[in-house]
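Notes for the one structure printed next.
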Amino acid sequence: MKPNSRVVQLASVDLQPRELANIKAVLDSGWLTQGSVTRQFEALFAERHGASHGIATTSCTSSLHLILDCLGIKPGDEVIVPSFSWIATANVVVQTGAIPVLVDVDQNSYAISPDAVEQAMSAKTKAVIAVHPFGFCADIDRIQEVIGSNIPIIEDAACAAGSQYKGKSAGTLGVAAAFSFHPRKSITTGEGGIILTDNQAIAQMAKMKRNHGAEISAEDRHGSVAPYLLPDFPVLGYNYRMTDIQAALGLSQLERFESLLSGRRQIAERYLNALSGRDELSFQPVDGHSWQSFVTVLDPSSKLSRNGVMEYLYERCISTRPGYHAIHMLSYYRDRFGYKPKDCPVAERLCEQSIALPLHTLLSESDVDYVLENFVEALKQ
Ligand SMILES: *Cc1c(COP(=O)(O)O)cnc(C)c1O
């Protein structure tokens, strides 16, 4: 580390005093778990994305698991999943007992390839999970076309709060969608997630299953004429409830959502303006992108070492990361399902050649200049 040099984080949490005041109000209220603040947060997030129902949970991972469970995905079923994603997208399928069929992604958008989905379809295919990588939406129309209208698409919209596809919001493109509020995402609740859906039956089932399978929520029971009576539990459930403490944070983040999104977009645009002419780099398309991450991919023919570039930046206190992993190359998936190198060559190349540059709303203009200056320098090494 150079003395007196600045430190540029990959991501950081943009909090304001208002957020802390809202959290304190929940703590003072005495009702800490899922209650009225969670309900407000769900309603506002669903409304912003044009979805009929929002069901807040503990994470995007638990949201995805809940959606698969509500759809009745079971052992013996197959669910098609892009290999280039966070491991959770595949893990949730394994958790239902079904088989995750990992397929390759499109080399321009980094999202699941409709052609690869078509080839992976079988009589056992029960759903497709489409990831919107880094906030750019997968080509949902083409995927639905190749799988037919009877197979549901689930959106892994972990990174896609505020993203758009052909004039529609992420979260309204498939049968149901799961978003993440981990601190690496565009808005945060510490940990947390939400399901968006227009499907009344899925919404109702997801609400029961996130609360141990209870027919009514604790909040509704406490407000009822006989709050001392326990509810019935007609289905098997989990504890996937968001707390009102988290929801208070989420609600205040949501109030600033448009400015947080435009702050991210401005930084992404500055990166693109400075870098898009370079032959050795490629980028995702920008239409509808919400810029959870800014990812660039080094052309393998450039002979640049991706890890060398990352190390060069690390030594100058600039934090970067690879985009995602290629899930089929992770040892659990190789050992259990027999995946081999070259099974999803694009995912492998993106995993090896991608770099996420710092992107968050606490970056100053001079931080962005500092990143650009050093990144361009690193490309000369
Ligand atoms: C972050 C992420 C997840 C996991 O989200 P959690 O809220 O941490 O469970 C899942 N899928 C993708 C594509 C992600 O980027």
Side-chain angles (χ1 to χ4, degrees), residues 10-11 13 38 41-42 45 54-69 79-96 100 102-103 105-106 109-112 127-138 140 153-163 165 170-171 173-174 176-196 206 210 238-243 246-247 249-250 253 264 284 289-295 321-328 330 333 344 347 350-351 354 356 359-360:
L10 180 71
V13 181
T38 303
F41 175 63
E42 293 172 332
F45 193 86
I55 301 100
T57 65
T58 52
S59 66
C60 176
T61 306
S62 57
S63 295
L64 285 170
H65 181 235
L66 210 49
I67 293 168
L68 292 170
D69 191 357
V79 177
I80 298 175
V81 172
S83 183
F84 188 59
S85 182
W86 187 244
I87 191 173
T89 317
N91 281 350
V92 291
V93 177
V94 180
Q95 284 158 15
T96 66
L102 297 169
V103 302
V105 293
D106 177 80
S109 69
Y110 319 156
I112 189 166
V128 174
I129 303 182
V131 175
H132 302 319
F134 316 120
F136 181 79
C137 288
I140 298 292
I153 297 176
I154 299 160
E155 298 174 71
D156 179 341
C159 305
S163 302
Y165 173 78
L173 309 173
F179 292 80
S180 173
F181 304 121
H182 182 275
R184 263 294 302 273
K185 316 299 183 186
S186 312
I187 55 170
T188 188
T189 59
E191 294 277 2
I194 196 169
I195 297 171
L196 294 187
R210 85 168 151 187
Y238 314 91
N239 179 354
Y240 283 168
R241 292 182 306 243
M242 179 178 274
T243 68
Q246 293 165 303
L249 177 51
Q253 295 256 291
R264 303 181 87 85
Q284 290 181 290
H289 208 309
S290 63
W291 304 108
Q292 177 268 332
S293 287
F294 184 90
V295 173
R321 293 284 183 280
Y324 289 131
H325 15 239
I327 300 174
H328 71 286
L330 300 174
Y333 284 87
C344 302
L350 294 175
C351 167
S354 58
L359 178 56
H360 56 85

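Sequential numbering from 1 along the given sequence is applied to the chain's residues. Predicted model only: the values in this text are computed from it and were never measured. Counting starts at 1 for both ligands and their atoms, in listed order.
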Write none if no such pair exists; otherwise list each N/O atom of ligand 1 with its protein N/O partner under 3.5 Å and the distance.
unit_1   : atom_1 : unit_2 : atom_2 : d
ligand 1 : 5 (O)  : Ser180 : OG     : 3.4
ligand 1 : 7 (O)  : Cys60  : N      : 2.9
ligand 1 : 7 (O)  : Ser180 : OG     : 2.7
ligand 1 : 9 (O)  : Cys60  : N      : 3.4
ligand 1 : 9 (O)  : Thr61  : N      : 3.0
ligand 1 : 9 (O)  : Thr61  : OG1    : 2.5
ligand 1 : 11 (N) : Asp156 : OD1    : 3.3
ligand 1 : 11 (N) : Asp156 : OD2    : 2.8
ligand 1 : 15 (O) : Lys185 : NZ     : 2.8

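Tyr240 and His65 form a side-chain donor-acceptor contact under 3.5 Å, judged by distance and modelled atom types alone. A donor atom on one side chain and an acceptor atom on the other are not found under 3.5 Å apart for His182 and Glu191.
Residues passing the side-chain contact (heavy atoms from CB on, under 4.5 Å) test with Ser83, sequence neighbours excluded: Leu102, Ala326, Ile327, His328, Cys344, Ala347. For Phe41, the ring pair (Phe, Tyr, Trp, His ring centres under 6.0 Å) criterion is met by Phe181, not counting sequence neighbours. Applying the side-chain contact (heavy atoms from CB on, under 4.5 Å) criterion to Pro82, with sequence neighbours excluded, gives Val105, Ile112, Val131.
The aromatic ring centres of Tyr110 and Tyr324 sit 6.0 Å or more apart.
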